[in-house]
Amino acid sequence: MAAVQWHARNRDYARERERAGLEALPVEPGEYHPLKPITVTESKGRAAKAGARKGSTSSLSTSASTPSSAAPAGAAVLLDPLMSALEGSDPLTQIAMASAEPLGAVGDPNRDGEQRKRGASTGLGSDFQSWAQKRPEILARYTTVEKLSLRLSMGADKDSGRHGAGAAVPEKVRSRLEELDDLEEGSQREMLNLSTQEYVGRVEEQGQALREAWATDQKVKALKIVIQCSKLLSDTSVISFYPSKFVLITDILDTFGRLVHDRIWAMCNEGRPPGAPALSPDSIRPELVPDSARETCLNWFYKIASIRELVPRLYVEAAILRCSRFVKASGFEEVLPRLAAMLRGVGDPLVAMFARAYICRVGVEGAPHLRELLTCNFFDFLLTFKQLQSNSVQNLLATQGLDMPMYLTLYSPAVDWVLQCLAYRAPEAVLVEMMERCRKVGNSGLLLNSIMSAFRAEFIAARTTALIPMIKECDDSGFPKHLLFRSLGRSLASADPPESDRLHVLNEAWKVITKLRSPQDYIGCAEAWMEYTCRHFTQREVNTVLADIIKHMTPDRAFEEAYPQLQSIVSRVLKYFQDFSTLFAMDKFLPFLDMFQKELVKVEVCKMVTEAFIKHQREETRDPVIVNALMSVCKTMHDSVNALSLDDERRVISAFTCGFIRMISFGRDFEQQLSFYVEARATFTNLEPVLVALMHSVNRLAMETCRLVRGNHTRKTAAFVRACAAYCFITIPSLTSVFAQLILYLLSGQVALANQCLSQADGFFKAAIALLVEVPRSVMVDGKARPTEPMLLEFLSSFLSTLLVVPDHPEHSVLYLVRGLLNVLQDYTWEEGSDGRARAYLSVMHLLAAASQETYLYSISKVDSNDSLYGSDPKFLGEVDRLCETILGQVLDQLKLLGKQEQYKRQSVLALALLDTLLLQADLRNNKLNQLAVSLWGLAQKHGQADSRALARVLELVRRQSARPELAHFAELALRMSPQGRP
């Protein structure tokens, strides 16, 4: 197939646009409109309402009413099949809801779920903070560097063989009790010099041993493990670790209680008649319990009653107290007061208080209505409160080197829990009574702290003026006073005191807080009171507090140990001061940020500040204080980026920086705006997305200038838009992504062209053409190599569309930019086995055909394109036709090469693509071009490799075009292309 002489078809774009437009039809009121949303209206008549009571369905009918998220009955509701299938939540929400369940206790992942079920059945609401939520904080807070000891029985291994499979055979109660005595008196081993982690690991091993013993039907061994673990709660040799020890041991007790309860409940269901529904564990009645289950339950209580030591007997009986419902409906009401009375026999006040906390915990979960038990437990503690100052306690503290304030803080978890149970949904009168009791025992700081933590914040806020004097009257040698003010500050962060008392409360509290000598004690209180200050006062008071914090935390670089608290303070300030002009007007805010010397922490704080600015700044700003401050903040984030930074980190910092840049506007002072962009470019050189955003901003600035002058540039505005073009031309080569450079060269050239900067536009387009040789054959996308050919062809299509309106330079040849592009495409190394070069040539043929028209399809205001410059000059059209003939020859050569290589599939696809080009752009009245079209049609079908649907579309195009008067010659072509010569 030799090259043929090219002639472009003359196009009348206006008529083609009119002919291709869809016919507009008016829609009468009430008629169906295809773009209106489909809605469903639920109509319930009298029959439907009656059927609803019987479980019947209601009728549905379509409607075009406007949907509403809170539509009343009978209103139109938007039908969303995706949301209906997911029952109102998307998959990510469902996963989040599933993962929001709190983790179970150590060694027992089912314990928290069991507690939630019991809480739901006993009336505890979601506002009640469960023990499972408190335990991680206790374990993290109460640790020790001292060595711990652990005494456990050695009898378990010896008895494992004796109580194996034969344990399932019933034995006499006396035999069981004797067996238990043997286990209690068995040999023991004591593990000394254990670290905290080793101690925790050993206790967890006991929990695992308990479950294994239960699974192998070694019930007595399981009981022995629980007894031995309970005995550890009598040991106060390392008293500072006692709260954490209590958490670990009670986890094992909870596991044991659940195992016993589930076993007896299973026995209740084993004897049920076939088909009968299973009994619920919380609603079972004693009369429904079979004798075997009742006897087993009593057997467990008898075994536990035989434990000689008081503390393990109390704990183990409380652990299985839920099983008393299998024997007697009023089990909780009878047993709990007895256990509470027995606690009066525990000599150590710390051991007794935590035992009371466990009794209250069991009582709240099983019988929350027994509020007398909670009150009795707390009042018993108050009666023994003077014991905390006894000689025995003083000797113990002296032995372990512990001071009284630290000792009293050990009581906080237990006292907090008891008071929380007592204060849950309690009236305000209960708080009044507790405060009165507190006065009678001498204004104990421990009690005051727990009261402020347990009762509703609204109750505490209403009595702030009474609480502050009580706090000041507390003995300095007792409970740490800074903890009291911190608890009060946390309460006031959630509730507001009377408006007339707010300033007085802050002054009185801060008089004490500012005198704290320990930086850690001080910053804990300052963190708690900062939200109160931000919530109720202006920047003047907040600035004063910030100054005081700087004063206390700067000496000896104390801030290095308080970064979490300082971050929390920044977040509170940003929460309440969303006007950044007010925020940066506080002269102590930026010095406060300077205290973050550790790079990782400082970057996180800078992210917080920038994110708050992007989120809350509603209008663009030019405030120099804001601009300079946030420029410094963003520079800190930028300087933290290095070669080891993760891509996600770069992405986040870039997004925050770009958000800041977009919010800065100097109005019509475009020169100042450009100066800001120049400074930003020099500051954020390591963040490529920021440089891209800056160039887009500069191009937008140039187009805004063009809009304001309505395209009629003065000498000043013309110089300014040229400066914008220079900014982009200088910045683009600093990017590492070749495609990012190509896109910005094209976009910046279009902007320069729109502003009549022809030489600058030529510079951009020449640079883009020269850069094409550097396009790699593949790029990494999401860790995988992707070919670049589709992206390159897409870019070339956009680029060629722009070149149509670019006028030729008077010192260069006709279409010199297109010729330069063709030279680059000829030398470019295309992917092996690809027709990319031929497809690029076809795009050029479309451009050349459009360039041959008398009037172009589109133009740029105040820019004379080649249609105006040449005016359809024959020499110009001859040059265009010769260039097109050369390209056509290259494509035909590619078709011949594919035939020689027997690449018939690729040959047919390329032949159809070239045929499409001829049908759209060539003048097929020329016999040679007409014959070429018929030959391409035959070549596409020659080997049977063409897509039948593509062939049908081409044939349909020819037939449809033949109906137009100016394309009547297409009728003959359609006849020649139709099978068997049918029209």
Side-chain angles (χ1 to χ4, degrees), residues 90-93 95-96 99 563 567 570-571 574 580 593 596 598-618 620-621 626-627 629-665 676-700 727-728 731-748 774-776 778-788 790-791 794-795:
D90 59 273
L92 294 180
T93 302
I95 294 173
S99 62
Y563 283 143
Q567 282 183 269
V570 173
S571 67
L574 294 174
F580 274 71
L593 296 183
F596 294 95
K598 189 177 180 180
E599 184 180 10
L600 292 177
V601 181
K602 188 165 188 175
V603 170
E604 289 301 318
V605 174
C606 291
K607 288 180 183 178
M608 291 167 53
V609 175
T610 313
E611 184 179 13
F613 174 76
I614 297 172
K615 180 179 180 181
H616 300 299
Q617 187 70 25
R618 301 300 181 187
E620 296 176 337
T621 181
I626 296 178
V627 174
L630 284 174
M631 181 70 80
S632 175
V633 168
C634 292
K635 186 178 186 304
T636 300
M637 295 191 293
H638 167 270
D639 293 345
S640 68
V641 176
N642 52 45
L644 301 179
S645 299
L646 299 176
D647 290 341
D648 285 344
E649 180 71 7
R650 289 175 177 268
R651 192 177 300 112
V652 170
I653 293 176
S654 298
F656 285 154
T657 306
C658 291
F660 154 66
I661 291 173
R662 284 193 293 268
M663 296 305 298
I664 304 302
S665 173
F676 169 73
Y677 291 147
V678 171
E679 181 184 358
R681 180 181 61 185
T683 304
F684 308 118
T685 55
N686 292 336
L687 298 175
E688 191 163 307
V690 177
L691 296 179
V692 172
L694 284 170
M695 283 182 279
H696 284 305
S697 299
V698 170
N699 282 326
R700 185 169 61 250
Y727 179 100
C728 295
T731 311
I732 290 175
S734 62
L735 304 179
T736 58
S737 172
V738 174
F739 278 99
Q741 292 185 53
L742 287 173
I743 293 171
L744 282 167
Y745 274 132
L746 174 58
L747 180 62
S748 301
E774 300 181 16
V775 174
S778 64
V779 292
M780 298 300 295
V781 179
D782 295 333
K784 296 181 181 179
R786 305 289 186 186
T788 59
M791 294 185 287
E794 182 179 358
F795 169 77

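We number each residue from 1, following the sequence as shown. Quick note: numbers below take in every heavy atom, side chains included, and nothing from hydrogens, waters or symmetry partners.
Here the shortest heavy-atom pairing between I732 and M695 reads CG1-SD, 3.3 Å. Annotation for Q567 and M608: closest pair O-CE, 3.6 Å, computed over non-hydrogen atoms. Listed here is the closest heavy atom pair of F580 and L574: CZ-CD2, 4.3 Å. P787 approaches P790 most closely through the heavy-atom pair O-CD, 3.7 Å. Contact between P776 and V779 at its shortest, heavy atoms only, is CG-CG1, 3.9 Å.
Partners of E599 under the salt bridge (Lys or Arg N to Asp or Glu O under 4.0 Å) rule, at least two apart in sequence or in another chain, do not exist in this structure.
Counting heavy atoms from C-beta on, the side chains of H696 and L747 come closer than 4.5 Å. Residues C728 and N699 are in side-chain contact: their nearest non-hydrogen atoms beyond the backbone lie under 4.5 Å apart. Side-chain contact between L691 and S734 is present, with at least one heavy-atom pair separated by less than 4.5 Å. Considering only heavy atoms from C-beta on, V603 comes within 4.5 Å of E649 through its side chain. Between I661 and F676, some side-chain heavy-atom pair lies under the 4.5 Å cut-off. When side chains are defined from C-beta on, V775 counts as touching L742, because their heavy atoms get closer than 4.5 Å. Annotation: side chain of M631 is in contact with side chain of E679 (closest heavy-atom distance under 4.5 Å). Taking 4.5 Å as the limit, every side-chain heavy atom of S778 sits out of range of all side-chain heavy atoms of R786.
One distance of note links CZ of F795 with OG1 of T788; it measures 12.5 Å at 0.5 Å rounding. Expressed to the nearest 0.5 Å, how far NZ of K602 lies from OH of Y563 amounts to 9.0 Å. Atom CZ of F739 sits about 9.5 Å away from atom CD of E794, to the nearest 0.5 Å. Taken from CG in L593 to SG in C606, the straight-line distance is 7.0 Å, to the nearest 0.5 Å. With rounding to the nearest 0.5 angstrom, the CD atom of Q741 is 11.0 Å from the OG1 atom of T731. How far NZ of K635 is from CG of L630: 15.0 Å, rounded to the nearest 0.5 Å.
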Next on the checklist: Please determine whether side chain to side chain donor-acceptor pair (under 3.5 Å) holds for the pair E688 and S737, giving the CA-CA distance in whole Å, both sets of side-chain angles, and the decisive distance to 0.1 Å.
Outcome noted: CA-CA 9 Å; E688 191 163 307; S737 172; 5.0 Å; no
Checklist entry - Between K598 and E604, is a salt bridge (Lys or Arg N to Asp or Glu O under 4.0 Å) present by the stated rule, with each step listed? => result CA-CA 10 Å; K598 189 177 180 180; E604 289 301 318; over 6 Å; no
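No donor-acceptor pair closer than 3.5 Å links the side chain of T610 to the backbone N or O of K607. Between the side chain of Y727 and the backbone N or O of Y677 there is at least one donor-acceptor pair closer than 3.5 Å. No donor-acceptor pair under 3.5 Å is formed between the side chain of T685 and the backbone N or O of A682.
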Validation: residues 653-660 side-chain donor-acceptor distances under 3.5 Å, sequence neighbours left out:
from	atom 1	to	atom 2	distance (Å)
S654	OG	R650	O	2.7
T657	OG1	I653	O	2.8

